[in-house]
Colleague: 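My questions all concern the structure below.
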Amino acid sequence: MNITQDIKYIGVTDYEIDLFEGQYPVPNGMAYNSYVILDEKIAVIDTVDARFCATWFENLETVLSGKSPDYLIVQHMEPDHSGSIKAFCEKYPKTIVVANQKAFNMVKNFFGTDLSDRQIAVGENDTLNLGKHTLTFITAPMVHWPEVTMTYDSFDKVLFSADAFGKFGAFDYDEDWLNEARRYYIGIVGKYGVQVNAVLKKAANLEIEKICALHGPVLSGDLTPYLNAYTKWANYEAEETGVLIAYTSIYGNTKKAVQLLAGELSKKGIKNEVFDLARCDIFEAVSKAFKYDKVVFATTTYNADIFPPMRTFIEYLTARNFQNRKIAFLENGSWGPMATKVMKSLLQDSKNLTICENNITILSGVNEQNKSVITALANELSK
Ligand code: FEO
């Protein structure tokens, strides 16, 4: 597939995988993207997961039409992209591998050799001339590993962005970019907003017409929505006014309270989404906590603590620097409610959280007094 006249797509889609990185559900598969730039010199950009090496080689050979690649550019050493480096180097023994020094250290850790007889180590703003195409390397540490390097092709104005701007799903899976790009970004690099901002600043100086990420579709046309989404996520700003209600319920009473709250919000025209943390994809719920400006945490007291999926949910949020939100608590505890106290303590280091005044304590079943506080909380959340 042509990205431009000279840039070809040779990636693969993994429909076998159930959990990406061992934890994120990917019901629509996962693309491992790889590209070839055909010029006087030929460069391959990244490999693919080792399980798909044979298919990738077929794609590569089709594009090469009997030629040999001059360079393999390694932007990222996570195995979803680096898994076929060793096989590639065996198949093409004259190809030079281009990467930064941290990546070569990782090559040695993964494959037992740092390819010292065939490597070019590159750093910030170093260039590689292919003929018409000059590639400039842009370091992007912690987006998503420390060795990550992006590659800018000034001839076609293409940014090869490594993991950044990727998403879950097959390469050609036809859906909105935003939802699955958010779930991917928050899950995988949500913790590293400072580092993402640093790369966005570098990208702002480039004239970019296309973004070729290592996952998901090639982005082209008006790139503003993608850049705006990344800017918001990197700064932990909400995308929308709305309420995520994340809950657990053992016998349905906490769920009933949540449904009353959601109903009140909807009546007021306040967008809200409700997630049962014991049953949903918890990473979808985590990503929605970063989408909306308000979050309600609703759970039961359990072993003088909170119900485990809620603890996991909050720990996933705090591990990703959850901050800058208005939040409320709804707890249930038949003889000794503890959940709100525990949830507050789990969130105590999160920056700039505003706790609502109307928090709810249910002692088993929802009573009339609970209902009036639910109404008051809905009013508060709608302001
Ligand atoms: Fe797609 Fe960080 O690997």
Side-chain angles (χ1 to χ4, degrees), residues 9-35 44-53 55-56 59 72-86 88 97 99-100 102-107 109-111 137-151 159-173 177 180-196 198-200 203 211-219 226 229-230 233-234 283 286-287 316 319-320:
Y9 180 80
I10 58 161
V12 298
T13 289
D14 182 352
Y15 291 106
E16 297 166 9
I17 192 167
D18 57 344
L19 297 175
F20 181 66
E21 289 189 354
Q23 58 177 343
Y24 303 101
V26 281
N28 301 308
M30 193 68 195
Y32 311 127
N33 296 342
S34 170
Y35 307 90
V44 177
I45 300 188
D46 287 309
T47 78
V48 299
D49 186 297
R51 291 176 296 123
F52 296 89
C53 185
T55 308
W56 177 64
N59 296 347
L72 171 66
I73 294 167
V74 175
Q75 301 187 115
H76 184 17
M77 277 302 297
E78 196 166 6
D80 48 337
H81 314 294
S82 69
S84 299
I85 289 177
K86 187 163 184 278
F88 176 94
V97 180
N100 73 22
K102 284 180 191 158
F104 282 119
N105 296 344
M106 292 180 182
V107 169
N109 292 341
F110 275 111
F111 304 115
F137 299 102
I138 299 155
T139 57
M142 302 320 295
V143 190
H144 145 230
W145 280 12
E147 85 295 0
V148 169
T149 300
M150 297 182 182
T151 307
L159 178 68
F160 297 93
S161 61
D163 274 342
F165 299 99
K167 66 185 260 305
F168 296 124
F171 180 75
D172 56 358
Y173 183 63
W177 175 85
E180 283 295 73
R182 181 194 307 109
R183 191 168 68 94
Y184 169 86
Y185 172 93
I186 299 297
I188 288 166
V189 286
K191 178 181 169 126
Y192 299 110
V194 171
Q195 291 85 346
V196 173
V199 175
L200 289 173
I211 297 176
C212 292
L214 288 177
H215 303 288
V218 171
L219 305 178
Y226 312 114
Y230 259 63
W233 297 336
F283 294 106
V286 167
S287 75
Y316 283 159
R320 290 160 177 80

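In each ligand, atom 1 is the first atom listed, and ligand 1 is the first ligand listed.
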Colleague: Which atom, among the N/O/S set of E78, is closest to atom 2 (Fe) of ligand 1?
Modeller: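 It is OE1 of E78.
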
Colleague: Quick check: does H81 put an N/O/S atom under 2.8 Å from atom 2 (Fe) of ligand 1?
Modeller: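 So H81 does not count as coordinating atom 2 (Fe) of ligand 1.
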
Colleague: Assign the ring pair Y184 / F168 to parallel, tilted or perpendicular, where the plane angle (0 to 90°) is split at 30° and 60°.
Modeller: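 Perpendicular: the ring planes of Y184 and F168 meet at over 60°.
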
Colleague: With respect to atom 2 (Fe) of ligand 1, what is the nearest N, O or S atom of H76?
Modeller: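 So the atom name we want here is NE2.
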
Colleague: Taking atom types as modelled and ignoring hydrogens, do the side chains of W56 and S84 form a donor-acceptor contact shorter than 3.5 angstrom?
Modeller: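 Looking only at side-chain atoms, S84 and W56 do not form any donor-acceptor pair under 3.5 Å.
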
Colleague: Please report the C-alpha distance between K102 and T149 in whole Å, then the side-chain angles of each, then the deciding distance to 0.1 Å, and finally whether the side chain to side chain contact (heavy atoms under 4.5 Å, CB included) criterion is met.
Modeller: CA-CA 10 Å; K102 284 180 191 158; T149 300; over 6 Å; no

Colleague: Relative to the ring of H144, is the ring of H76 parallel (under 30°), tilted (30 to 60°) or perpendicular (over 60°)?
Modeller: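 Taking H144 first and then H76, their aromatic rings stand perpendicular (interplane angle over 60°).
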
Colleague: Need one value: angle at atom 1 (Fe) of ligand 1, H215 atom NE2 versus D163 atom OD1, rounded to 10 degrees.
Modeller: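 For NE2 of H215 and OD1 of D163, the angle centred on atom 1 (Fe) of ligand 1 reads 90°.
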
Colleague: Please report the closest heavy-atom contact between A234 and L200, naming both atoms and the distance.
Modeller: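 Taking every non-hydrogen atom into account, CB-CD1, 4.4 Å.
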
Colleague: Starting from atom 2 (Fe) of ligand 1, look over the N/O/S atoms of H144 and name the nearest one.
Modeller: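 Atom 2 (Fe) of ligand 1 is closest to the H144 atom ND1, counting only N, O or S.
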
Colleague: Distance check below 2.8 Å: does D80 bring an N, O or S atom to atom 2 (Fe) of ligand 1?
Modeller: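 For D80, the answer is no, given that no N, O or S atom comes within less than 2.8 Å of atom 2 (Fe) of ligand 1.
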
